[in-house]
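Input: a single structure, listed below in structure tokens.
When reading the values below, keep in mind they use all heavy atoms of this one structure, side chains included, and skip hydrogens, waters and symmetry mates. None of these values were measured; they are calculated from a predicted model.
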Amino acid sequence: MSVAPRTRLALVGCGLISPAHIRAFGSQKERMELVACCDTSLEKAQSAVESAAAIMQEGDAILATMDFNAILADTTIEALDLCLPHHIHKAVTLSALRAGKHVLCEKPLALTPEDCDAMAQEARTQSRILMHGENMRTATNIVTAKRALLAGRVGTIVGIQATYAHWQSEALNKDWRTRPAESGGGHLMDGAIHFVDVLRHLGGEIAGVHAMTAQYRPELGAECEDTAALSFRFEGGHFGQMFASHASRGRGASPVITVFGTEGCLSVEPFGGGSVVLFPREGDRETLLAEHYWQATFDNEVSHFLDVIRDSVALYSTPEDGRENIRVVLAAYESAKSGREVGLPKWSSAKD
Ligand SMILES: NC(=O)c1ccc[n+]([C@@H]2O[C@H](COP(=O)([O-])OP(=O)(O)OC[C@H]3O[C@@H](n4cnc5c(N)ncnc54)[C@H](O)[C@@H]3O)[C@@H](O)[C@H]2O)c1
């Protein structure tokens with residue numbers, strides 16, 4: 001039986017999150033070849049190549065480059081993984097798609113829903129894959145939780161509660177992140193958007209949001225909130241809440257998501273060492289998943305991207321998901337300003 005050639009991929013953006021992506025490439029080295037690491041800083045590109053060379057197949061030649069146009073022009077490169085500042089996601093994705101590349105783009109997909117639609121439209125025009133890089137979607141415990149909900153294990157959902165609170169790492173690049181025109185906002189757009197995705201994935205679409213925001217760490221951006229309390233109304237009629245903060249020390253009961261239902265509830269701890277526990281209406285709690293590792297969320301994400309490209313598997317995290325997450329965050333910002341609930345009617349784009 002002949003073995004399909006490995007998918008040739010380049011990493012663009014070799015900053016803070018890139019090591020998690022590189023480790024994920026290593027987990028898929030039988031199916032993909034990392035051809036280049038590209039960054040506007042050659043030093044960062046070289047450092048990414050060094051880490052990758054240690055875990056990819058022996059003999060693979062990986063180029064460190066600052067020349068993004070050369071990556072676009074190289075027709076042997078089939079796919080790009082973009083780990084870039086938020087404000088350039090759209091432009092870089094469009095160029096990549098137009099050059100015939102499949103794209104995995106880190107969250108948030110873009111800064112506006114219209115930009116997400118333009119990216120999705122370009123992917124359709126070019127018949128290329130655009131995957132919204134939301135590692136929570138491919139996290140084993142979120143997948144397990146979703147399966148349990150679909151199997152009716154909690155009955156009808158009556159509410160969802162989430163906490164996404166921790167002290168934001170000093171290592172984070174504060175350059176573009178502290179400027180809302182580039183980052184799109186503060187903790188909600190950068191961190192808590194992961195849980196917006198989980199809430200939508202587990203609870204269905206969000207129909208309205210009421211938000212309060214606060215700032216305790218101005219060093220994370222003079223105009224960027226680092227703390228928020230959100231209330232959600234879901235299309236299904238149930239409610240949700242989230243407390244999100246980048247300014248709280250000690251992980252405490254965070255991150256955690258609990259889905260409450262008429263027949264039981266489900267608790268998910270989405271990051272390191274996390275588990276999925278079902279508390280049924282009667283009897284003992286049931287551990288649906290005992291162990292879970294943060295790195296596996298990226299391994300699964302890259303693995304799924306390759307499945308979609310190579311085996312035409314249906315995309316699990318779509319540009320439309322990226323758009324809806326951004327709509328919820330932007331509605332939260334609007335609500336925090338006005339003090340009122342902001343409704344999220346069904347989006348109608350050119351495609352719909
Ligand atoms: N999934 C997660 O858990 C997670 C965690 C952190 C960050 N992220 C996301 O990853 C993305 C990158 O975040 P980060 O923290 O790594 O940012 P970063 O600033 O540390 O890294 C971005 C890199 O892109 C490079 N760059 C900027 N413009 C470029 C260009 N035109 N061409 C090539 N390289 C360019 C920069 O030099 C930098 O090295 C963001 O979308 C962020 O939200 C996701």
Side-chain angles (χ1 to χ4, degrees), residues 16-17 85-87 106-113 134 136 159-203 206-234 238-260 267-271 322-344:
L16 186 80
I17 200 58
H86 302 167
H87 62 299
E106 263 287 359
K107 44 56 63 177
L109 191 61
L111 296 183
T112 67
E134 174 46 75
M136 289 293 100
I160 305 192
Q161 200 167 40
T163 309
Y164 190 84
H166 60 93
W167 187 257
Q168 184 55 280
S169 158
E170 307 295 345
L172 214 67
N173 185 351
K174 295 188 201 62
D175 182 23
W176 58 269
R177 268 196 175 86
T178 54
R179 296 192 286 267
E182 292 167 46
S183 60
H187 179 42
L188 285 175
M189 189 59 99
D190 192 28
I193 196 164
H194 286 297
F195 269 25
V196 168
D197 191 75
V198 177
L199 290 175
R200 288 185 43 254
H201 188 46
L202 300 185
I206 292 170
V209 56
H210 194 158
M212 292 181 279
T213 57
Q215 189 188 60
Y216 294 88
R217 298 184 63 191
E219 76 275 15
L220 297 178
E223 297 161 66
C224 296
E225 86 295 343
D226 52 53
T227 300
L230 311 178
S231 299
F232 303 105
R233 219 161 23 81
F234 286 82
H238 48 280
F239 302 132
Q241 291 177 328
M242 171 155 61
F243 176 70
S245 179
H246 262 169
S248 85
R249 296 273 194 195
R251 285 255 171 177
S254 173
V256 73
I257 293 173
T258 305
V259 184
F260 300 92
S267 185
V268 188
E269 202 259 82
F271 294 117
R323 176 191 72 205
E324 291 306 309
N325 292 351
I326 288 158
R327 288 186 71 210
V328 173
V329 169
L330 294 179
Y333 286 147
E334 193 185 327
S335 167
K337 264 200 204 130
S338 70
R340 296 207 170 90
E341 178 180 326
V342 173
L344 282 161

Should we count CZ of F239 as having more than 12 external heavy atoms under 6.0 Å? no

Under the side-chain contact (heavy atoms from CB on, under 4.5 Å) test, which residues partner [X], sequence neighbours left out?
| X | value |
| --- | --- |
| Q168 | H166, L172, D190, R217, L220, H246 |
| H238 | I157, F234 |
| E324 | R200, E205, R327, W347 |
| E341 | H210, R233 |

For H194, which residues count as a ring-ring contact (aromatic ring centres under 6.0 Å, His included) partner, sequence neighbours excluded? none

Please name all residues satisfying ring-ring contact (aromatic ring centres under 6.0 Å, His included) with W167, sequence neighbours left out, ordered by chain then number.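 W167 satisfies ring-ring contact (aromatic ring centres under 6.0 Å, His included) with no residue once adjacent residues are dropped.
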
Give, for atom OG1 of T178 and atom CD of E223, the distance between the pair rounded to the nearest 0.5 Å. 9.5 Å

Within the structure provided, determine whether [X] and [Y] are in side-chain contact (heavy-atom separation under 4.5 Å).
| X | Y | result |
| --- | --- | --- |
| I17 | E106 | yes |
| N173 | L16 | no |
| H86 | L111 | yes |

When you measure from the side chain of [X] to the backbone of [Y], do you find a donor-acceptor pair of N or O atoms at a distance under 3.5 Å?
| X | Y | result |
| --- | --- | --- |
| S335 | A331 | no |
| E182 | P85 | no |
| T163 | A165 | no |
| H187 | S245 | yes |
| S254 | V256 | no |
| Q215 | C224 | yes |

